Amino acid sequence: MNVLDLAHPAEEVAPKLLGAVLTHETSEGTVSIAITETEAYSGAADPASHAYRGRTPRNAVMFGPAGHMYVYRSHGLHWCANIVTGTDGIASAVLVRAGRVVEGEDLARERRGAKVEGPRLARGPGNLCRALGITAEHNGTDLLAGAPVTLSEGEPVSEGLIRIGPRVGVSKAHDWQHRFYLAGDPTVSAYRLSPRAKPSAGA
DNA sequence: TCAATGATGGGCT
DNA sequence: GCCCATCATTGAA
């Protein structure tokens with residue numbers, strides 16, 4: 001059903017995931033989101049990665065086979081979803097930061113609790129997960145195995161629209177050019193430097 | 001066992 | 001633009 005090739009390092013896969021579609025089917029209905037913004041995280045070589053200090057119970061999924069979903073809780077409130085890439089045994093994942101709701105907008109709006117609509121429904125990793133209805137129970141889910149959460153190819157994205165920039169909100173290695181997004185897309189999060197970012201972080 | 005930290009988002013000033 | 005909620009995970013004592 002899809003030929004998405006995830007068996008490569010995150011920074012190679014991240015731009016290819018732009019335009020891909022994440023779908024979550026529940027008894028309430030189906031919500032699909034076309035990805036508009038991603039960030040690449042690797043393992044031991046990436047100070048900003050959860051896997052930087054090696055394998056732990058939380059980040060174990062990142063070390064697993066490509067195509068699985070790594071979900072973690074941020075700041076006690078928000079869920080963030082990653083798509084695991086690369087080789088089994090080596091940490092590598094792509095954070096899905098933003099997307100455009102292409103199916104089930106009513107349900108997505110309901111989950112977000114009214115007020116929000118349009119591009120804001122899935123802008124930012126936490127919002128995206130809420131719109132999709134993704135929580136910790138989906139940690140480790142195989143996105144290529146069918147329901148409930150699946151990743152599939154969407155409409156092709158022209159490479160000319162893809163932009164590369166610094167990662168958002170990370171306190172380390174924030175200037176790595178590992179963030180990929182679609183130029184001019186209203187669903188892309190505004191760049192924000194982490195409050196805790198070291199003034200002179202490397203490279 | 002304890003204290004610090006964070007790949008955020010929303011609301012207030 | 002700044003501040004704050006809120007908790008699992010982590011690393012140190």
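Worth saying up front: this structure is predicted, and the values here are computed from it rather than measured. In what follows, every chain begins at residue 1, and chains take the letters A, B, ... in the order their sequences are listed.
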Cut-off 3.5 Å, no hydrogens considered: what does the side-chain donor-acceptor table look like for residues 58-67 of chain A, sequence neighbours left out?
{"from": "A/Asn59", "atom 1": "OD1", "to": "A/Thr56", "atom 2": "N", "distance (Å)": "2.8"}
{"from": "A/Asn59", "atom 1": "OD1", "to": "A/Thr56", "atom 2": "OG1", "distance (Å)": "3.4"}
{"from": "A/Asn59", "atom 1": "ND2", "to": "A/His50", "atom 2": "O", "distance (Å)": "2.9"}
{"from": "A/Asn59", "atom 1": "ND2", "to": "A/Gly54", "atom 2": "O", "distance (Å)": "3.1"}
{"from": "A/Asn59", "atom 1": "ND2", "to": "A/Thr56", "atom 2": "OG1", "distance (Å)": "3.2"}

Q. For A/Lys172 and C/dT10, what is the distance between atoms NZ and P respectively, to the nearest whole Å?
A. 13 Å

Q. In whole Å, what is the span from the CZ atom of A/Arg123 to the P atom of B/dA7?
A. 21 Å

Measure all distances between protein nitrogen or oxygen atoms and nitrogen or oxygen atoms of nucleotides 11-13 of chain C, and list the pairs falling under 3.5 Å.
{"from": "C/dG11", "atom 1": "OP1", "to": "A/Arg53", "atom 2": "NE", "distance (Å)": "3.4"}

(Q) Can you see if the side chain of A/Asn127 gets near the phosphate of B/dG10 - specifically, an N or O under 4.0 Å from OP1 or OP2? (A) yes

Q: Take atom CZ of A/Arg112 and atom P of B/dT8, then tell me their distance rounded to the nearest Å.
A: 15 Å

(Q) Run the salt bridge (Lys or Arg N to Asp or Glu O under 4.0 Å) test against A/Glu28 and tell me which residues pass, sequence neighbours left out. (A) A/Arg111

(Q) Could you tell me how far apart A/His174 (NE2) and B/dT8 (C1') are, to the nearest whole angstrom? (A) 17 Å

Q: To the nearest Å, give me how far apart CZ (A/Arg130) and P (B/dG9) are.
A: 9 Å

Q. Between A/Met69 (CE) and B/dA7 (P), how many Å, whole number?
A. 19 Å

Q) How long is the gap from CD on A/Glu12 to OG on A/Ser92, to the nearest 0.5 Å? A) 9.0 Å

Q: Counting Watson-Crick and G-U wobble pairs whose two distances are both under 3.5 Å, find the runs of 3 or more in a row that involve DNA chain B.
A: B:1-6 with C:7-12, B:8-12 with C:1-5

(Q) Holding to salt bridge (Lys or Arg N to Asp or Glu O under 4.0 Å), I want the full list of residues that pass it with A/Arg179, two or more places apart in sequence or in another chain. (A) A/Glu37

Q) Excluding sequence neighbours, so at least two apart, what forms side-chain hydrogen bond (donor to acceptor under 3.5 Å, both in side chains) with A/Arg100? A) none

Q.
Once you apply a heavy-atom cut-off of 4.0 Å, does A/Arg120 come out as touching a base, just sugar-phosphate, or nothing?
A. nothing

**Q.** Counterpart residues, ring pair (Phe, Tyr, Trp, His ring centres under 6.0 Å), relative to A/His78 (two or more places apart)
**A.** none

Q) Tell me: OH of A/Tyr52 to P of B/dG6, nearest whole Å? A) 14 Å

(Q) With rounding to the nearest 0.5 angstrom, report the CZ to CG distance, A/Arg109 to A/Leu121. (A) 6.5 Å

(Q) Listing request: all ring-ring contact (aromatic ring centres under 6.0 Å, His included) pairs with a residue in residues 4-23 of chain A, at least two apart in sequence or in separate chains. (A) none

Q: May I ask you to list the residues sharing a hydrophobic cluster with A/Tyr181, side-chain cutoff 4.5 Å, ordered by chain and number?
A: A/Val188

Q: Kindly write out the residues that satisfy salt bridge (Lys or Arg N to Asp or Glu O under 4.0 Å) with A/Asp46, not counting sequence neighbours, or none if the list is empty.
A: A/Arg167

Identify the pairs formed between an N or O of the protein and an N or O of nucleotides 4-8 of chain C at a distance under 3.5 Å, and give each distance.
{"from": "C/dT6", "atom 1": "O2", "to": "A/His75", "atom 2": "O", "distance (Å)": "2.4"}

Q. For A/Glu11, what residues pass the salt bridge (Lys or Arg N to Asp or Glu O under 4.0 Å) criterion, not counting sequence neighbours?
A. none

